[in-house]
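Throughout, protein chains are lettered first and strands after them, A, B, ... in sequence-line order, and every chain is numbered starting at 1.
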Amino acid sequence: MVMLALDTSTRYASVALVRERELVAELTWQAGQRHSNDLFERLNWLLAAHHLTPVDLTAIAVATGPGSFNGVRVALATAKSLSFALSLPLYASPTLDIIAWGAASAGATGTLYALLEAGRGQVYTARYRSDRERQTAEPWKPLSGYDVLTPGELAQRIAAESLVGQSEQQEQPVFFCGEWSPATQAALAAGLGTRARFAAAVGGRRASWLAELALQQAQRGEVSDALSLEPLYLRRPAITKSTKFALPSQVSQISQDSDRAGDNESAPGGEETADALHR
Amino acid sequence: MRILGIESSCDETGAAIVEDGRIIRANVVASQASIHERYGGVVPEVASRHQLSAIIPVLETALEQAGTRWDDLDAIAVTYGPGLAGSLLVGLTAAKALALARGLPLLGVNHLEAHIYANWLRTEADNAAARPADESSEDWPGDPRFPLLALVISGAHSELVYIPQHGRYELLGQTRDDAAGEAFDKVSRLLGLGYPGGPAIERAAREAGDGKNPYRLPRAWIRDTYDFSFSGLKTAVLQLIEGAQADANGGGERGASRYARKGAEVAEGGSLSVPHIAAAFQEAVVDVLATKTLRAARELGVRQVLLAGGVAANLALRERLTAALAPHDIALRCPPVAFCTDNAAMIAATGYFHLRLGERSGFDLDVRPNLQLPFVVTR
Ligand SMILES: [Zn+2]
């Protein structure tokens, strides 16, 4: 088994090669919004450096978001195409699952919240329970679903959940992992006080965490379909209209200042901000 | 030589397999037009999402249709601009991944150039006879013959281009405001005819019949240049409608909201005839395009004119251009209607001619939403 795992959900991109159950190589870098540009030269290099060619691959793992819409699409378009062209099984994991798995692997215990900035003052989040005797035979999934909400709303929800539980639970720490802005951290700290614990990390996600989840899926036989696999967007597209030509249903154009893919994208989790294109 | 072409610049997901830049072995297009119709334009994020959903099924269908295995392919050609960044990114990323996986050369294709190369595509019927005796020959019987003049007209472009040889483009003139297709869309909305405007106006104009048209709209000739202007025409249509309504109401209406009622009122059949306005508008656009194209063709001494882009599907324009050029022994060539709109066969064809010129793209190729034709400045 030679697995290629790739994750370009946020400004961080990561790729890992795993042979049998062993990490061969891993690259994690700040891709900004140039996910597609750097990815393939690095994949090429990574394979060549380890005397592998694409046809030696036997499995693909991919992070499905949430995150930057374009970033997530780059990962999925790549993973689906590799899986299709090489007839390889495809394993998919939500990005928040990968973040929480990484934190749990690093020793975080208790209640974990995976966080990513969603733009518009909101975060993508999901809650996980990390126990030392965690069963890897069970799928690694959040306790409830995946959400998009403001940090203030998240802090309120956590405080309310604690109130209905045991009294000592009110004092238990809540562990946050992932990527967030200083404003998000401030809002969570304001709402939760000293209970809020933030992963002290330099940031980033490792594709080897994704590979670990994929290996578990492979063992359980949970393969995804390259034809139909969809990203986890968590947000509907905003319908943007141009005001350039004042008709009821306006004709719109690509903005003139967006000659690069990334420039069309707003902050993390953002979608293309360009207006509707005139066909 | 077999090339897999991929097109994802806007709201159409295409994959095609083309042999020797001309013979179509498979051509698959998944359109989102019905989804975007209700927004009156293409919504970028909606388009990007559909591109990702459609790309693998479209690729699989194309390979099946052509009965092609990966080992039969010689290269992968893909649109890298112009278009919507998010949509382009899906096709380009898929193309890079396929090229990496199968060890095939990657060719980034300019979508505008591809509309021109749609003129090299041929249908199955005229393939066999066309193949040259000398397999290595650049030119096949029936190919467009250089030097060429191309009229590129679409929703975003109106350009008159001189092409002395493969890959060389000299800009003669272009629109100074709205593109021709854009003008069609805007006027179509004013007349309450819907979107996209090109086919809607053409249909309505046909209803007007061949009789005398009570309306005549002004032409923006812009003397001594091959440039075009279409925004004045749109204003003229608006004034025509407003004038009629002012008469009907005994006074003009005020405020921006009047635009919202315009189309509906005209369509409800006031004193104006929508088919006749549509015909007058189409006639004015076609008149200017045909006159300038003929003048350029004669000045440059070309024997063939290529029509390219979405508006090239307009039959009134095809007929009028053919009629204008024929007396001067200049032939108009246009792709089959199905290959005027966005498709991947034209991308594969363009990739083929670039591959023959020894070109190929690197994995660092980026999408270029505002890409233009690679014009050389000569005049
Ligand atoms: Zn086009």
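Among residues 52-62 of chain B, the residues having any heavy atom closer than 4.5 Å to a heavy atom of chain A are, in sequence order, B:Leu52, B:Ser53, B:Ile56, B:Pro57, B:Leu59, B:Glu60. For a heavy-atom cut-off of 4.5 Å, chain B lies close to A:Pro54, A:Val55 in residues 48-57 of chain A.
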**OP:** Take A:Glu230 and B:Arg49 through the side chain to side chain contact (heavy atoms under 4.5 Å, CB included) test and state the conclusion after the steps.
**Re:** CA-CA 9 Å; A:Glu230 290 285 332; B:Arg49 291 186 182 192; 6.0 Å; no
**OP:** Just do the side chain to side chain contact (heavy atoms under 4.5 Å, CB included) check on A:Thr78 and B:Lys96 with the steps written out, would you?
**Re:** CA-CA 8 Å; A:Thr78 306; B:Lys96 287 181 186 176; over 6 Å; no
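Proximity of B:Asp366 to A:Ser36: side-chain heavy atoms (C-beta onward) are nowhere separated by under 4.5 Å. A 4.5 Å side-chain heavy-atom check between B:Arg102 and A:Leu86 finds at least one atom pair inside the cut-off.
Between B:Glu45 and A:Arg235, no side-chain nitrogen of the basic residue sits less than 4.0 Å from a carboxylate oxygen of the acidic one, so the salt-bridge criterion is not met.
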Below 3.5 Å, can you tabulate the donor-acceptor pairs from side chains in residues 39-46 of chain A to any protein atom, sequence neighbours excluded?
none

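A:Tyr233 pairs by the ring pair (Phe, Tyr, Trp, His ring centres under 6.0 Å) definition with A:Phe69, not counting sequence neighbours.
Atom CZ of B:Arg2 has more than 12 neighbouring heavy atoms from other residues, nucleotides or ligands inside a 6.0 Å radius.
For the atom pair CG (B:Leu89) and NE2 (A:His35), the distance works out to 9.5 Å, reported to the nearest 0.5 Å. Here the straight-line distance linking atom CG of A:Leu82 with atom CG of B:Leu100 works out to 6.5 Å at 0.5 Å rounding.
Residues A:Ala85 and B:Leu98 share a closest heavy-atom pair of CB-CD2, 3.6 Å.
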